[in-house]
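See structure below.
The figures here come from the full heavy-atom set of this structure, side chains too, leaving out hydrogens, waters and symmetry mates.
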Amino acid sequence: MIRESEVPMSPIGMPPTGLPPSAAPGHTFRSVAPVLALCWLAVFFDGMDVSIYGAVMPHMLDDPGFGLTPAVAGTIGSWVTLGMLIGALGTGTLTDWVGRRPVLVAGVLVFSAGSAVCAVAGSPGLFGAGRFLAGLGLGGLMPICLSMVMEFAPRGRAALATGLLMTSYHAGAMCATVLGLTLAPAQGWRWVFWVGALPAFVAAPLLLRLLPESPGVLLAKGRTAEAAAVADRYGMAPPVLADAPAQGAKGRLASVLALFRPGVRLATPLLWLASFCGLLLVYGVSTWLPQMMRASGYGLTSSVSFLLIINAGGIAGLLIAGRLGDRYGPVRVSALWFLLTAAGALLLGARLPLGATYVVVAVTGVWLFSAQVMVYAATHRVYPPAERATGLGWVTGIGRTGAVVGPWLGGVLAATANSQLGFTVFALAGLLGALAIGSVPLARRLGRPSATAPVPEAAGMER
């Protein structure tokens, strides 16, 4: 154990070199690769669990003994995202008490249990309860992994680190689609949900044993020596108190109120709106794309395979957007990506030849998913370090309302035989998302106080 007195620090908590905490010379992607890999694994299973439902829904609707209708299917799709909303909002308080790693492990166990409930469910009601339980576990997983990756990311590489992390979500979604194409027809849709219970036996033990606790959280709890030891192990400079998240009920309230201080009070609701639109698109498309394409006249196998193609495009898009976001700013990239998503959604609504449709689905995936991820990356530019975890938590939490609306709306349209209208709705969501995120820089300028009242700035101006 390293004693606090053995950690060389300046009187104000800066490393001896005088470099800011995120600028330690040995702080590279290689030094923090174990943390990124473990978070990647957790989000992989997140993407797999979320996409399993959409991948097997056509088979569930064709199962006469189960009694699932399109309207009920849409409602159940919203239950998982409602659970995610509740889980995301409750995670912040839990991490204050016990830390990020234990809450992340608990989330993996809970959503694995939810998948097992779905596998044995004999009615849509019990199945929906299982999806809600899975949502509770999934809700805190994404904000925790995002905040961990942003904290451990090398200076100036937060957007790329975020993009790399989120490739795992789409790799998991592709895995779910392959299971829907192979295991579901051969063994039945229930076996796909049994696979969704595996993270409890694979990811949870690895995370519990190998994932470090956040240095910022350790410092906020007064465990200074442990925080310095973790930072040193991964090539980071020791965290400073000014960058540590607030603790306790009073501290959390102050952190939330800080999201509306001068300088960010107009930008905060715009980030929430952009996240709402982005997650409406992500979850609406992930849940209903196969059924919407089937309603457009494509066969069952082709309709499910579109989900595989759009997630493959999503992986490529995240790598592209991450690099462009670090260079030109995540706000600019997100706004452009939202606009391109709107154009892609409109093209998907047209009855194109099968080959052309595959191309449109792939390039739409390039833009759709990373538009939302760059909203997350923008929080790193908008909020200073001490407020980033809270800001990100609320951006993801409020955005979950869009994740609730997307699957529900798709179900309403499918029940009224208007599935193709969903493409127009998704296009409108893309336009609104572009307007919201694109207005953030103007909102920051308008919300700034006079020069006599300086505002804490994040590392780098948002663009």
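Nearest approach of L207 to L38, heavy atoms of both residues: CD2-O, 3.7 Å. Shortest non-hydrogen contact noted between F426 and G284 is CZ-C, 3.7 Å. Closest approach of L259 and G391 over heavy atoms only: CD2-CA, 3.7 Å. When all heavy atoms of M236 and P215 are compared, the closest pair comes out as CE-CG, 4.3 Å. Contact between V108 and A200 at its shortest, heavy atoms only, is CG1-N, 4.3 Å. The shortest heavy-atom contact between L104 and L141 is CD1-CG, 3.7 Å.
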Can you give me every donor-acceptor pair (side chain of residues 44-54, partner residue at least two apart or in another chain, under 3.5 Å) with its distance?
{"unit_1": "D49", "atom_1": "OD1", "unit_2": "R131", "atom_2": "NH1", "d": "3.2"}
{"unit_1": "S51", "atom_1": "OG", "unit_2": "G47", "atom_2": "O", "d": "3.1"}
{"unit_1": "Y53", "atom_1": "OH", "unit_2": "A73", "atom_2": "O", "d": "2.8"}

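Separating the CG atom in L126 from the SG atom in C118 is a distance of 8.0 Å, to the nearest 0.5 Å. Note that CD1 of I310 is 6.5 Å distant from CG of L348, once rounded to the nearest 0.5 Å. W189 contributes atom CH2, which lies 14.5 Å from atom CG of L179 (distance to the nearest 0.5 angstrom). How far CE of M57 is from NE2 of H59: 12.0 Å, rounded to the nearest 0.5 Å. If you take CE on M60 and CD1 on I76, they are separated by 6.5 Å, rounding to the nearest 0.5 Å. To the nearest 0.5 Å, atom CZ of residue R223 and atom CD of residue E213 are 7.0 Å apart.
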### Task
Go through the steps to decide whether F260 and W272 satisfy the test ring pair (Phe, Tyr, Trp, His ring centres under 6.0 Å), and finish with yes or no.
CA-CA 12 Å; F260 295 94; W272 291 357; 5.7 Å; yes

### Task
Verify side chain to side chain contact (heavy atoms under 4.5 Å, CB included) between W191 and V195, making sure each step is shown before the conclusion.
CA-CA 6 Å; W191 279 99; V195 175; 5.9 Å; no

### Task
Determine, step by step, whether L271 and W394 satisfy the side chain to side chain contact (heavy atoms under 4.5 Å, CB included) criterion, reporting the C-alpha distance in whole Å, the side-chain angles of both residues, the deciding distance to 0.1 Å, and the verdict.
CA-CA 9 Å; L271 288 170; W394 278 85; over 6 Å; no

### Query
Hey, mind stepping through W40 and L164 against side chain to side chain contact (heavy atoms under 4.5 Å, CB included) and telling me if it holds?
CA-CA 8 Å; W40 195 98; L164 288 171; 5.8 Å; no

### Message
Walk me through whether Y283 and V80 qualify under side chain to side chain contact (heavy atoms under 4.5 Å, CB included).
### Response
CA-CA 10 Å; Y283 286 89; V80 66; 5.9 Å; no

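Between the side chain of S115 and the main chain of F111, no donor-acceptor pair closer than 3.5 Å is present. The backbone N or O of G430 lies less than 3.5 Å from no partner atom in the side chain of T341, so there is not a single donor-acceptor pair. Side-chain atoms of T182 come within 3.5 Å of backbone N or O of V178 as a donor-acceptor pair. Checked by atom type and distance alone, the side chain of D326 pairs as donor or acceptor with a backbone atom of L160 at under 3.5 Å. One N or O on the side chain of T177 and one on the backbone of A173 form a donor-acceptor pair closer than 3.5 Å.
Scanning for ring-ring contact (aromatic ring centres under 6.0 Å, His included) contacts around F369 gives H170, with sequence neighbours left out. Among residues two or more places apart in sequence or in another chain, the salt bridge (Lys or Arg N to Asp or Glu O under 4.0 Å) test is passed with R101 by none. The side chain to side chain donor-acceptor pair (under 3.5 Å) check on T268 picks up Y383, with sequence neighbours excluded. Take Y234 and apply the ring-ring contact (aromatic ring centres under 6.0 Å, His included) test, not counting sequence neighbours, and it matches F152.
For the pair F338/L432, no side-chain contact is recorded, criterion being any heavy-atom separation below 4.5 Å from C-beta on. A 4.5 Å side-chain heavy-atom check between V282 and Y169 finds at least one atom pair inside the cut-off. In this structure, the side chains of I398 and S275 stay at 4.5 Å or more apart for every pair of heavy atoms. Here the side chains of L319 and R323 are not in contact, with every heavy-atom distance at 4.5 Å or above. Counting heavy atoms from C-beta on, the side chains of W194 and Q187 never come closer than 4.5 Å. L68 places none of its side-chain heavy atoms less than 4.5 Å from the side chain of D63. Looking at heavy atoms from C-beta onward, R100 lies in side-chain contact with M148 at the 4.5 angstrom threshold. Within the 4.5 Å cutoff, the side chain of V149 has heavy atoms near those of the L36 side chain.
Under the ring pair (Phe, Tyr, Trp, His ring centres under 6.0 Å) criterion, no residue pair touches residues 195-224, with sequence neighbours excluded.
In this structure, W337 has its ring center at least 6.0 angstrom away from the ring center of Y328.
Relative ring orientation between F127 and F193 is described as perpendicular, the plane-to-plane angle rising above 60° on a 0-90° scale split at 30° and 60°.
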